[in-house]
Amino acid sequence: MARMVPTRSTTSAAGRSRRAQRPPHVWAVVLAACAGQFLVVLDVSVVNVALPSMRSDLGMSATGLQWVLNAYTLTFAGFMLLGGRAGDLFGRKRMFLLGLGVFVAASLAGGLAQDGWQLVAARAAQGVGAAVLAPSTLTILTTSFPEGPARTRAIGTWTAVGAGGGAAGGLVGGVLTDALSWRWVLLINVPVGALVLVAAALWVTESRLGGRRRLDLPGALLVTGGLGAVAYGIVQTETTGWSSGQALGPLFGGVAVLGVFVAVEARTRAPLVPLKLFRLRSVSAANLAMFVNGAAMFCMWYFMSLYMQNALGYTPLQAGLGFIPQSLSIVLGSKLAPVLMQRIEARTLAVAGTLTAASGYLWQTGMHAGGDYFTTVLGPGVLMALGAGLSATPLAAVATAGAEPRDAGLVSGLVNTSRTMGGALGLAALSTVAATRIHGSDPASEAAGYALAFGTGAWILLGSAVLMITTLPRADRGPGPAPAPAEGAPGASSATGAEAATDAATGAGGGAGDRTVRKS
């Protein structure tokens, strides 16, 4: 039989056929998914510069102020895995719209808050909305594009937007707070979110998994409640001491709730966190290292913002501009890490990145009320951020390298959850440490408190480096960057913005190879 040689007309017809199979609005889907991702990531960091203005306007205490961050991160991390599974079961488009709707409504409530507790409650609701929304942003892209260059470009755009959102948070927050009001760092989400809602409702195609699986709502409530109680107990020690019932009650209660969570996860048929994964040394050790690193690194942006405005007298806009080099540094570290991992063992690079950050923390202990930008902000800030970027990717690679391909999305989600939860608890603990040196609103006193927090953070990072050396598995060479998310399985992005921003904003969807069922 003669072999048919493709002619120009037949290849042109094939190309037209492939283009015809691609919906004309497909890049509108990319825009909607990336805009949702941008909002979620932006709100991790955009409030940092606005914190002093929030405190003075609403009469919040220093303790209450840290809950503006913690309320968001705790609910976000605690419900992230559940949000990914909900998208698998009930439809990614449906969960995208629901999560974005909750996020926008909570942003409006926060922007209109007249009391501190109202703002904290709105931020907690924002975190729940973000946890439902974020996992669907990447899954919508992977189910809208077939494997190939188009999907690669779409995921690359999604990653860049996430990194940009985190990096831009300080500047956007400074501009909005200085030009309008702190309220606009939340209210800006309303018109943008409304446009994205309309675009997603019109152009995003529904997709979900086939079959029936349970949703582990008890697990999500238990882990979020337990960690929230522990964080609250740590915060209470600031005013009542470590021996008071007001502190010990929530602490022991939170630990007990976390124990119940472990028991529930061990017995449920479809657990939020399959405990068997932690039998893998790579998964358990890397997640523990992520947790400890997050405990120290998340608070960097919080204390630096307060230092620039409360001790150095910067305006919100000046503080936002001051964060630009740090934001670029963490993105640079994240981009360099995959290249270095071709030559350096992942464990070695993770330790080197952590020690780089620790050196910045030690440098930062010299901060004082009469400090200048270059020696008390820029120099140590760039080192801290660079170390954070260099350490995140190899830790994610180690955690995912030992897992089965079908568990890649879940393990990536665990990495993100571990870091965000560590950051929330670390912020509570280090804020309590800082409060032991802060007396009143004297700039020198506040600078001394922040310096003590950075010194404590340096010791945490040094301990984390020792932990990595002794627990992370060795390899002949670095396992390479974390695998690309499989269809329906949002994984960890290696490009981060402001601290855990992009990493935290990626959730866990279904495992690799899950069968999707599309419907209009």
Side-chain angles (χ1 to χ4, degrees), residues 44-45 47-48 51-52 54-55 60-80 116-117 119-121 123-124 126-127 222-258 261 288 290-307 361 416-438 446 449-461 463-464 498-501 504:
V44 177
S45 58
V47 299
N48 280 314
L51 290 172
M54 292 175 176
R55 181 178 180 179
M60 300 181 71
S61 65
T63 300
L65 198 64
Q66 62 185 275
W67 282 102
V68 175
L69 291 178
N70 270 354
Y72 184 84
T73 54
L74 280 171
T75 53
F76 186 8
F79 288 95
M80 191 188 306
W117 71 266
L119 177 59
V120 171
R123 288 286 287 170
Q126 262 192 318
L222 286 170
V223 70
T224 305
L227 287 167
V230 170
Y232 180 77
I234 293 173
V235 170
Q236 287 297 103
T237 64
E238 181 178 327
T239 54
T240 64
W242 285 94
S243 59
S244 70
Q246 290 174 293
L248 292 178
L251 279 171
F252 285 116
V255 171
V257 171
L258 292 175
F261 165 73
L288 180 59
M290 278 286 196
F291 184 91
V292 177
N293 270 16
M297 293 179 179
F298 183 83
C299 68
M300 170 178 64
W301 310 92
Y302 176 81
F303 288 120
M304 288 292 287
S305 177
L306 295 180
Y307 171 67
Y361 274 67
N416 302 326
T417 301
S418 296
R419 178 188 293 189
T420 309
M421 286 297 191
L425 293 182
L427 177 60
L430 292 178
S431 294
T432 301
V433 169
T436 62
R437 289 275 181 90
I438 298 176
E446 296 209 16
Y450 306 148
L452 180 61
F454 277 109
T456 307
W459 284 106
I460 293 174
L461 290 174
S464 181
E499 214 319 272

Backbone N or O of Ile460 within a donor-acceptor pair of the Ser464 side chain at under 3.5 Å?
no

Write down the atom of Leu430, the atom of Cys299, and the distance for their closest heavy-atom approach.
CD1-SG, 3.2 Å

Apply ring-ring contact (aromatic ring centres under 6.0 Å, His included) to Phe303 and list each qualifying residue two or more places apart in sequence or on a separate chain.
Tyr450

Atom of Val68, atom of Leu119 and distance for their closest heavy-atom approach
CG2-CD2, 3.9 Å

Sequence neighbours excluded, which residues qualify as side chain to side chain donor-acceptor pair (under 3.5 Å) partners of Thr73?
none

Taking all non-hydrogen atoms of both residues, which atom of Leu69 and which atom of Val47 are closest, and how far apart?
CD2-CG2, 3.3 Å

As an exercise, state the distance from OG of Ser431 to CG of Leu306, rounded to the nearest 0.5 Å.
8.5 Å

Quick one: closest heavy-atom pair of Met421 and Phe291, and the distance?
C-CE1, 3.9 Å

Closest non-hydrogen atoms of Ala434 and Ala453, given as atom of the first, atom of the second and distance, are CB-CB, 4.1 Å

Working to the nearest 0.5 angstrom, can you tell me the gap between Arg419 CZ and Phe298 CZ?
11.0 Å

Please check this pair: side chain of Thr436 against backbone of Thr432, looking for a donor-acceptor N/O pair closer than 3.5 Å.
no

Donor-acceptor pair, distance only, cut-off 3.5 Å: does the side chain of Arg123 make one with the backbone of Tyr72?
no

Hey, does the side chain of Thr75 reach the backbone of Ala124 with a donor-acceptor pair shorter than 3.5 angstrom?
yes

Got a donor-acceptor contact below 3.5 angstrom from the Tyr361 side chain to the Ala296 backbone?
yes

Work out which heavy atom in Ala229 is nearest to a heavy atom in Gly254; give both atom names and the distance.
CB-CA, 3.6 Å

When rounded to the nearest 0.5 angstrom, what distance separates CZ in Phe454 from CE in Met304?
5.5 Å

Side-chain (Ser305) to main-chain (Trp301) donor-acceptor, under 3.5 angstrom:
no

Taking only residues two or more places apart in sequence or in another chain, which ones pass side chain to side chain donor-acceptor pair (under 3.5 Å) with Tyr307?
Thr376

